[in-house]
Participant: 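Right, I'll just put the structure down here and ask away after.
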Protein chains: 2
Amino acid sequence: MDDSLSRTFAALADPTRRAMLVRLSKGEATVNDLAEPFLKEMSLPAVTKHLKVLERAGLVTQSKDAQRRPRKLEGERLKHALDWIEQYREIWEESFDRLGEYLKTVQAAKKTPTKGKKNGRKR
Amino acid sequence: MDDSLSRTFAALADPTRRAMLVRLSKGEATVNDLAEPFLKEMSLPAVTKHLKVLERAGLVTQSKDAQRRPRKLEGERLKHALDWIEQYREIWEESFDRLGEYLKTVQAAKKTPTKGKKNGRKR
DNA sequence: AGTTTAATTAACTCACTAGTTAATTAACTT
DNA sequence: AAGTTAATTAACTAGTGAGTTAATTAAACT
């Protein structure tokens with residue numbers, strides 16, 4: 001796991017980190033802000049480590065404000081990840097189409113019911 | 001890492017597995033087909049393991065053909081992953097907009113050059 | 001100067017990941 | 001029935017990930 005895209009996906013593969021990104025999408029936040037919802041589940045250093053993962057992936061950057069280190073969401077790597085997945089769009093859209101076709105068939109069958117299996121048609 | 005989205009992102013966080021998905025997007029393939037490009041770098045059982053990861057994430061399914069076990073790409077989980085990232089679209093689009101604004105400013109500055117910094121205008 | 005706040009670093013543990021080779025299963029071929 | 005092909009399972013190892021507590025750094029407050 002050494003390339004940028006792998007680091008991005010690996011960073012996204014954790015619910016705590018995803019929740020932090022959601023929080024950051026609402027605006028900058030300090031470590032304490034980000035940690036607050038998780039302090040029942042984990043310690044502050046654990047949060048710092050999650051932030052390190054997000055930073056190494058380029059999803060988040062820090063700035064400085066006295067002893068605070070506000071974090072900010074960076075969109076670029078998210079866009080790269082989205083672009084990679086995007087290339088498969090037709091895969092799920094085509095199975096959606098097939099589902100649509102199937103539903104149409106079922107509908108049609110209901111409207112013109114046939115007596116036996118003999119009359120089952122294939123579009 | 002227990003939920004579906006985490007498993008999906010974790011599965012995508014490896015270049016070998018992403019390459020396998022690219023191959024599968026071109027159509028069904030057997031384990032040997034999928035392994036072939038990687039056999040200089042890793043063994044067949046390693047490939048089987050990568051496939052297990054993709055299957056546990058629901059990205060790939062198997063079928064049966066004699067002793068072959070052809071794999072097929074399933075789009076649904078990819079769509080879920082894309083949908084999750086999609087919620088951040090405005091993050092990168094707004095920074096793109098800011099870049100656009102900046103470039104416009106630079107352009108404008110070139111067209112109507114000023115003498116000193118006194119005349120530097122903001123938007 | 002001493003204390004509090006904000007965050008990180010150090011050192012350690014445990015579980016999981018990614019790989020290995022060797023053995024096994026399952027189905028087809030001769 | 002014996003051999004080949006296709007793939008998986010078993011057993012193991014090295015490295016990494018996610019967490020812990022304790023100690024440390026850095027800046028602000030009194």
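Below, chains carry the letters A, B, ... as their sequence lines are ordered, and counting in each starts from 1.
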Participant: Would you call the rings of Phe9(A) and Trp84(A) parallel, tilted or perpendicular, where under 30° means parallel and over 60° means perpendicular?
Facilitator: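 Aromatic pair Phe9(A)/Trp84(A) classed perpendicular.
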
Participant: Hey, is the side chain of His50(A) poking within less than 4.0 Å of OP1 or OP2 on dG19(D), counting only N and O atoms?
Facilitator: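 Checking His50(A) against dG19(D): at least one side-chain N or O falls below 4.0 Å of OP1 or OP2.
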
Participant: Is the backbone N or O of Leu12(A) less than 3.5 Å from a side-chain atom of Arg18(A), with the two atoms forming a donor-acceptor pair by type?
Facilitator: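 Side chain of Arg18(A) to backbone of Leu12(A), a donor-acceptor pair under 3.5 Å: yes, one is there.
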
Participant: Please report the distance, rounded to the nearest Å, between CZ in Arg56(A) and P in dT16(D).
Facilitator: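 Taking CZ of Arg56(A) and P of dT16(D), I get 10 Å after rounding.
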
Participant: Can you tabulate the close N/O pairs, meaning under 3.5 Å, that link protein atoms to atoms of nucleotides 4-10 of chain D?
Facilitator:
from	atom 1	to	atom 2	distance (Å)
dT5(D)	O2	Gln67(B)	NE2	3.4
dA7(D)	OP1	Val31(B)	N	3.3
dA7(D)	OP1	Arg69(B)	N	3.4
dA7(D)	OP2	Asn32(B)	N	2.8
dA7(D)	OP2	Asn32(B)	ND2	2.8
dT8(D)	OP1	Arg71(B)	NH1	3.3
dT8(D)	OP1	Arg71(B)	NH2	2.8
dT8(D)	OP2	Thr48(B)	OG1	3.2

Participant: Backbone N or O of Ser4(B) within a donor-acceptor pair of the Thr8(B) side chain at under 3.5 Å?
Facilitator: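 Here the side-chain-to-backbone pair exists.
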
Participant: Between atom CZ in Phe9(B) and atom P in dG17(D), what is the gap in whole Å?
Facilitator: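 My rounded result for the distance is 18 Å.
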
Participant: Please tabulate, for the side chains in residues 57-69 of chain B, all donor-acceptor contacts under 3.5 angstrom to protein atoms that are two or more places apart in sequence or on a different chain.
Facilitator:
from	atom 1	to	atom 2	distance (Å)
Thr61(B)	OG1	Glu74(B)	OE2	2.8
Ser63(B)	OG	Pro70(B)	O	3.4
Arg69(B)	NH1	Ala66(B)	O	3.1

Participant: To the nearest Å, give me how far apart CG (Asp14(B)) and P (dT17(C)) are.
Facilitator: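 Taking CG of Asp14(B) and P of dT17(C), I get 12 Å after rounding.
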
Participant: Is the backbone of His80(B) close enough, under 3.5 Å, to the side chain of Asp83(B) for a donor and an acceptor to pair up by distance?
Facilitator: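 Absent.
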
Participant: Need to verify one output field. Residue with the more 5' nearest nucleotide on DNA chain D, Asp65(A) or Arg17(A)?
Facilitator: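 Nearest-nucleotide comparison on DNA chain D picks Arg17(A).
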
Participant: Rounded to the nearest Å, what distance is computed from the CG atom of residue Leu39(B) to the C1' atom of nucleotide dG19(C)?
Facilitator: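 So the CG-C1' distance, Leu39(B) to dG19(C), works out to 14 Å.
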
Participant: Roughly, in whole Å, what's the span from CE in Met42(B) to C1' in dT13(D)?
Facilitator: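 About 17 Å, once rounded to whole Å.
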
Participant: In the structure I gave you, are the side-chain heavy atoms of Tyr88(B) and Lys79(A) within less than 4.5 Å of one another anywhere?
Facilitator: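 Counting from C-beta outward, Tyr88(B) and Lys79(A) never come under 4.5 Å.
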
